[in-house]
Amino acid sequence: MADTSNCECAIEKDASLDSAPSLTAIILTYNEELHIKRCIGSLRPVASRIYVVDSFSTDATLEIARREGAEAVQRKFKNQADQFQWALDNLPITTDWIMRIDADEYVSAELATSMARIIPRAPASVTGFYVDRLVVFLGRPIRHGGFYPMRVLKIWRTGLGRVEQRWIDEYCVVKQGLVDYCPGDLIDENLRDLTWWTDKHNKYSSRRMIDLLDRDLKLGLSQHALSGTASRRQVIYHTIKTNIYPTLPPYFRAFAYYLYRYVFRLGFLDGQQGLVFCFLQAFWNLFLVDAKLYEARRMIAGTGVDSFIKHLQDTQGLDLRPLRLENESRRSA
């Protein structure tokens, strides 16, 4: 199990070797009182400004965030991509760099140290930084199954980054320049139970269904072309998810995913947690996506697209107006 009890003290001690970069961290929140203090605490040595963009939480998220020194704004939530791009376009960001981080993530001591040393010294040609994301599931770091190292673009120069507009699994990209690497892990450790996790992924499966349905019906709900510089892993996964995975037979592709992750990429080496993680990712997520896709096509065949969209809005609260795509953004920040 990952030890997070002393993460703030360890980070502050290591990162004090250099001053904090001119960096604004942006955190999207909804009822994150369990995680927000840990997240903000890990950012203090590496962020000169922290923004929380909250979707009208009903718990103590905003109170804790402000007490910990973050600035907070509220906005109605549509999806992660739309909310974060709105933050880039509308927050008064004056720092040189921007970092995207989720509320249930935190910066490890090693990553904080490398950020404090590397980012202020970055040459002008470098416009972004990759970090390694490490998932902790049921108390165990998931280091196999192809889930680690999960190198993602999380830091970029202000004005040069944007978010791919998809309903799920969106990527951040930079418009130009080189992307470097900051060693150390960005740790994704959600402290809630499996009931919460399965409920969240049930909702995620609806969003993946929308992306796949949009690919066929061309409703303007998702951005299917990756425009900008992303990590090699992101480019490969984007190609697989956009061009290969949708062409595989429904239901079979969930089994193929499980075999790939658990057997061929050695997910079984993560013990019982690895079994549960790979199985649920495949069958409580991707298999469920295909079942919902089948249901959606039956409903559309019977009552039409508009009726189906209204059904999703009424039953799941999903705002299915066409997304604001890249050429509609006021500024790419």
Side-chain angles (χ1 to χ4, degrees), residues 1-11 14 32 34-39 41-42 101-114 130-152 154 168-169 171 181-205 207-208 231-234 236-237 240-241 245 248 251-291:
M1 179 173 179
D3 182 10
T4 62
S5 59
N6 295 315
C7 66
E8 292 181 35
C9 294
I11 291 169
D14 291 341
E32 290 288 355
L34 185 62
H35 302 111
I36 193 63
K37 181 178 179 180
R38 182 186 67 183
C39 179
S42 75
I101 183 170
D102 293 340
D104 58 359
E105 295 174 335
Y106 62 94
V107 177
S108 68
E110 181 185 1
L111 178 57
T113 299
S114 69
Y130 301 127
V131 301
D132 288 330
R133 178 169 163 261
L134 173 65
V135 174
V136 178
F137 182 73
L138 295 178
R140 178 169 184 155
I142 302 298
R143 297 188 179 276
H144 303 91
F147 292 107
Y148 182 83
M150 192 178 294
R151 191 157 293 181
V152 291
K154 284 283 190 175
I168 193 78
D169 292 339
Y171 294 132
Y181 169 64
C182 280
D185 294 332
L186 180 68
I187 301 173
D188 178 346
E189 183 178 15
N190 196 293
L191 301 175
R192 298 185 178 94
D193 61 17
L194 269 179
T195 299
W196 179 90
W197 193 95
T198 53
D199 179 61
K200 180 183 77 168
H201 282 76
N202 178 35
K203 295 174 182 175
Y204 281 0
S205 68
R207 296 172 182 272
R208 285 196 172 88
S231 71
R232 181 173 178 270
R233 178 193 178 101
Q234 287 174 311
I236 292 172
Y237 276 21
I240 292 172
K241 286 189 295 186
Y245 184 84
L248 298 176
Y251 308 114
F252 164 80
R253 52 197 178 192
F255 284 95
Y257 177 90
Y258 174 73
L259 289 175
Y260 171 75
R261 292 293 190 188
Y262 191 67
V263 178
F264 295 106
R265 296 304 301 270
L266 309 181
F268 60 86
L269 293 178
D270 286 319
Q272 185 169 320
Q273 293 94 329
L275 170 63
V276 175
F277 190 70
C278 292
F279 189 91
L280 290 181
Q281 289 282 4
F283 298 111
W284 183 246
N285 193 342
L286 299 181
F287 192 93
L288 194 55
V289 171
D290 285 337

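Residues: numbered from 1 along the sequence shown.
With sequence neighbours excluded, the residues satisfying side-chain contact (heavy atoms from CB on, under 4.5 Å) with Asn202 are Ser205, Trp284, Leu288, Lys292. Applying the ring pair (Phe, Tyr, Trp, His ring centres under 6.0 Å) test to Phe255 and every residue at least two apart in sequence or in another chain returns Phe283. Judged as a salt bridge (charged side-chain N to carboxylate O under 4.0 Å, His left out), and not counting sequence neighbours, Asp102 has no contacts. Not counting sequence neighbours, the partners of Tyr257 by the side-chain hydrogen bond (donor to acceptor under 3.5 Å, both in side chains) test are Arg261. Not counting sequence neighbours, Lys200 has no partner by the salt bridge (charged side-chain N to carboxylate O under 4.0 Å, His left out) test. Applying the side-chain contact (heavy atoms from CB on, under 4.5 Å) criterion to Leu34, with sequence neighbours excluded, gives Leu191, Arg192. In this view, Asp104 satisfies the salt bridge (charged side-chain N to carboxylate O under 4.0 Å, His left out) rule with no residue, not counting sequence neighbours. Asp132 meets the side-chain hydrogen bond (donor to acceptor under 3.5 Å, both in side chains) test with Arg151, Tyr181; sequence neighbours excluded. Residues passing the side-chain hydrogen bond (donor to acceptor under 3.5 Å, both in side chains) test with Arg207, sequence neighbours excluded: none. Remark: His201 engages Trp197, Tyr204 in a ring pair (Phe, Tyr, Trp, His ring centres under 6.0 Å) (not counting sequence neighbours).
Once rounded to the nearest 0.5 Å, the distance linking OG of Ser42 with CZ of Arg38 reads 8.0 Å. Taken from CZ in Phe137 to CG in Asp188, the straight-line distance is 11.5 Å, to the nearest 0.5 Å.
Between the side chain of Arg253 and the main chain of Leu248, a donor-acceptor pair closer than 3.5 Å is present. Checking side-chain atoms of Ser114 against main-chain N and O of Pro183 turns up a donor-acceptor pair under 3.5 Å.
No side-chain heavy atom of Phe147 sits less than 4.5 Å from a side-chain heavy atom of Val135.
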Identify every side-chain donor-acceptor pair in residues 263-278 under 3.5 Å, counting partners at least two apart or on other chains, and give the distances.
from   : atom 1 : to     : atom 2 : distance (Å)
Arg265 : NH1    : Tyr260 : OH     : 2.9
Asp270 : OD1    : Arg143 : N      : 3.4
Asp270 : OD1    : His144 : ND1    : 3.0
Asp270 : OD2    : Arg143 : N      : 3.3
Asp270 : OD2    : His144 : N      : 3.0

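Looking at every heavy atom in both residues, Ile101 comes nearest to Lys154 through CA-NZ, 4.4 Å.
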